[in-house]
2 protein chains.
Amino acid sequence: MTKQPAIDDNAIPAPDAVVDLGPLSGLTVYALRNAQIALNKDFQHIMAQHDIRPAQFSVLEVIKRNPGLRQTQVSFSVGMKTTNFVPLLDELERRGLAARRPIAGDRRARGLFLTQPGQDLLAQLEQLATEHEARFVARIGADGRAQLLSLLHRLTDPAFDPPHG
Amino acid sequence: MTKQPAIDDNAIPAPDAVVDLGPLSGLTVYALRNAQIALNKDFQHIMAQHDIRPAQFSVLEVIKRNPGLRQTQVSFSVGMKTTNFVPLLDELERRGLAARRPIAGDRRARGLFLTQPGQDLLAQLEQLATEHEARFVARIGADGRAQLLSLLHRLTDPAFDPPHG
DNA sequence: TATTGTTATACTCTATAACTATA
DNA sequence: TATAGTTATAGAGTATAACAATA
């Protein structure tokens, strides 16, 4: 953050007039996008204190909860292609937070584990995540949060997948 | 879609076991992300029928509702930097859907308008968007949708911005 | 000096193709 | 022949710096 102000043409200007968004404001997909961007911005910001991105946090969490899981399963569970998962895990391993170990009975696969430093860092990250969550729950209340999570899960339940796809 | 099957190593495999996501499943930011990805995938798919991306749809919608608005205001209202807005609008103009026109009294600025073909296409896109919305509303009901939109707007109301940032 | 629009550029995320070593 | 992991690469989306024309 030792960056000189420079010229900075690109600050977002405040709008002079209220803009009519039309049907956009009634589209769930747009409301979801806006909310996700807002919360993710905050979440990204607090994780960056420890040089961790949201995707790395979720990977650490899955490894913690499922030690020994193979890469394919971990990457699938966080919605990543294995091809993009490799460099992410490379960095976690390079930083000494996670480790790949051989799996007995299948020399192709690798089981994933957290190191002790990885577990220690994750404990701090979880604390930050809890505070982040509380900050936004304050806006809608505990009941609002419960309703919201329930609605979101129902919305994405694969049992109700839309026709095409 | 005339693409030969080829080898396709990268299909996502179904997981063998249920993976414990730990605190992730209770984090609103992750639930929002998953829901947004699911709905956006569907939305993107139906817009692609007319070779339109979600951002282009929202720009067309804002221009329709606010004809003559300058580029800076349109790009701000859809959350884009003006620098990224330029090529998006270039394409809409090249396809004859939108047009830049001079603004009386300020020769730097350009007012944005829909062409007749742009209006006609947007009418079709709106119909598709309505069907998309209905498809997902079917999962949570009209009441659920109203609750969801209300919760999402409260969550992102700038009047309740979190402390840092 | 500041603003509108623009170009060039870089970085992150995501996606496809193709390889290796094992099974 | 199929699977686990990997490499290389391409495409979106988003970010900053810097410029010309105009205010």
Side-chain angles (χ1 to χ4, degrees), chain A residues 1 3-16 33 36-37 40-41 44-45 47-48 51-56 58-59 68-76 78-91 93 99-112, chain B residues 1 3-16 33 36-37 40-41 44-45 47-48 51-59 68-76 78-91 93 100-112:
Chain A
M1 311 311 180
K3 188 168 46 179
Q4 65 271 42
I7 307 216
D8 197 5
D9 257 354
N10 304 89
I12 296 180
D16 308 302
R33 178 173 178 273
Q36 203 273 330
I37 288 173
N40 198 55
K41 186 175 172 180
Q44 212 171 315
H45 184 270
M47 289 287 138
D51 201 16
I52 289 286
R53 281 159 294 145
Q56 293 174 316
S58 60
V59 166
L69 213 60
R70 32 182 83 194
Q71 293 190 197
T72 306
Q73 296 172 308
V74 174
S75 63
F76 174 78
V78 297
M80 288 183 70
K81 305 263 179 192
T82 59
T83 185
N84 298 321
F85 184 80
V86 171
L88 184 151
L89 189 61
D90 284 347
E91 195 188 327
E93 206 169 26
R100 294 180 239 233
R101 296 197 209 142
I103 286 184
D106 190 340
R107 286 191 300 171
R108 295 170 306 177
R110 326 269 231 108
L112 302 186
Chain B
M1 311 305 186
K3 187 168 50 178
Q4 66 272 42
I7 308 220
D8 197 3
D9 256 356
N10 302 88
I12 295 181
D16 307 302
R33 178 174 177 273
Q36 203 273 332
I37 288 173
N40 198 55
K41 187 175 171 181
Q44 212 170 314
H45 184 270
M47 288 288 138
D51 200 15
I52 289 287
R53 281 160 294 143
Q56 294 174 316
F57 171 74
S58 60
V59 166
L69 212 60
R70 31 182 85 194
Q71 293 190 197
T72 305
Q73 296 171 307
V74 174
S75 64
F76 174 78
V78 298
M80 288 182 70
K81 304 264 179 191
T82 59
T83 185
N84 298 321
F85 185 79
V86 171
L88 184 151
L89 190 61
D90 284 347
E91 195 188 327
E93 205 169 26
R100 293 179 241 233
R101 296 196 210 144
I103 287 184
D106 190 340
R107 286 191 299 171
R108 295 170 305 178
R110 326 270 232 107
L112 302 186

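First the proteins, then the strands, lettered A, B, ... as listed; each starts at 1.
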Atom-pair distance ([atom1] on [X]; [atom2] on [N]), nearest Å:
X     : N      : atom1 : atom2 : answer
A:K81 : D:dA4  : NZ    : P     : 15 Å
B:K41 : C:dT14 : NZ    : P     : 13 Å
B:R70 : C:dT6  : CZ    : C1'   : 16 Å
B:F85 : C:dT4  : CZ    : P     : 14 Å
B:D51 : D:dA12 : CG    : P     : 11 Å
B:Q44 : D:dA12 : CD    : P     : 11 Å
B:F76 : C:dT4  : CZ    : C1'   : 16 Å
B:L88 : C:dT6  : CG    : C1'   : 15 Å

**Prompt:** With sequence neighbours left out, what residues match B:I103 under side-chain contact (heavy atoms from CB on, under 4.5 Å)?
**Reply:**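 So B:I103 forms a side-chain contact (heavy atoms from CB on, under 4.5 Å) with B:R70, B:A109.
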Specify the closest pair of heavy atoms between [X] and [Y], including all atoms of both residues, with the distance to one decimal.
X     : Y     : answer
A:V59 : A:F85 : CG2-CE1, 3.7 Å
B:V78 : A:R33 : O-NH1, 4.4 Å
B:L88 : B:Q56 : CG-CG, 4.0 Å
A:I52 : A:M47 : O-CB, 3.0 Å
A:P54 : A:Q44 : CD-CG, 4.0 Å

**Request:** Please list, by residue number, the residues of residues 100-112 of chain A whose heavy atoms come closer than 4.0 Å to an atom of DNA chain C; answer none if no residue qualifies.
**Result:** A:D106, A:R107, A:R108
**Asked** Would you say A:Q71's side chain and A:T82's backbone share a donor-acceptor pair under 3.5 angstrom?
**Response**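 Judged by distance alone, no pair lies under 3.5 Å.
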**Request:** Ignoring the backbone of A:T83, work out which of D:dA17, D:dG5, D:dA8 is nearest its side chain.
**Result:**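 For the A:T83 side chain, the nearest candidate turns out to be D:dA8.
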**Request:** Output, in order, the C-alpha distance, side-chain angles, deciding distance and verdict of salt bridge (charged side-chain N to carboxylate O under 4.0 Å, His left out) for A:E91 and A:R53.
**Result:** CA-CA 11 Å; A:E91 195 188 327; A:R53 281 159 294 145; 3.2 Å; yes
**5'-most by nearest nucleotide on DNA chain C - B:L89 or B:N84** =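 The residue mapped nearer the 5' terminus is B:L89.
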**Request:** Using five base pairs at each end, measure the axis-to-axis angle across the helix from C:dT1-D:dA23 to C:dA23-D:dT1 and round it to 10 degrees.
**Result:** 10°
**Request:** Report yes if a side-chain nitrogen or oxygen of B:R53 is closer than 4.0 Å to either non-bridging phosphate oxygen (OP1 or OP2) of D:dG13; otherwise report no.
**Result:** yes
**Request:** Please check the phosphate of D:dT3 (OP1 and OP2 only) for any side-chain N or O of A:T72 closer than 4.0 Å.
**Result:**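 Looking at the OP1 and OP2 atoms of D:dT3, neither is under 4.0 Å from any side-chain N or O of A:T72.
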**Request:** Output the distance between atom CD (A:Q36) and atom CD1 (B:I37), rounded to the nearest 0.5 Å.
**Result:** 7.5 Å
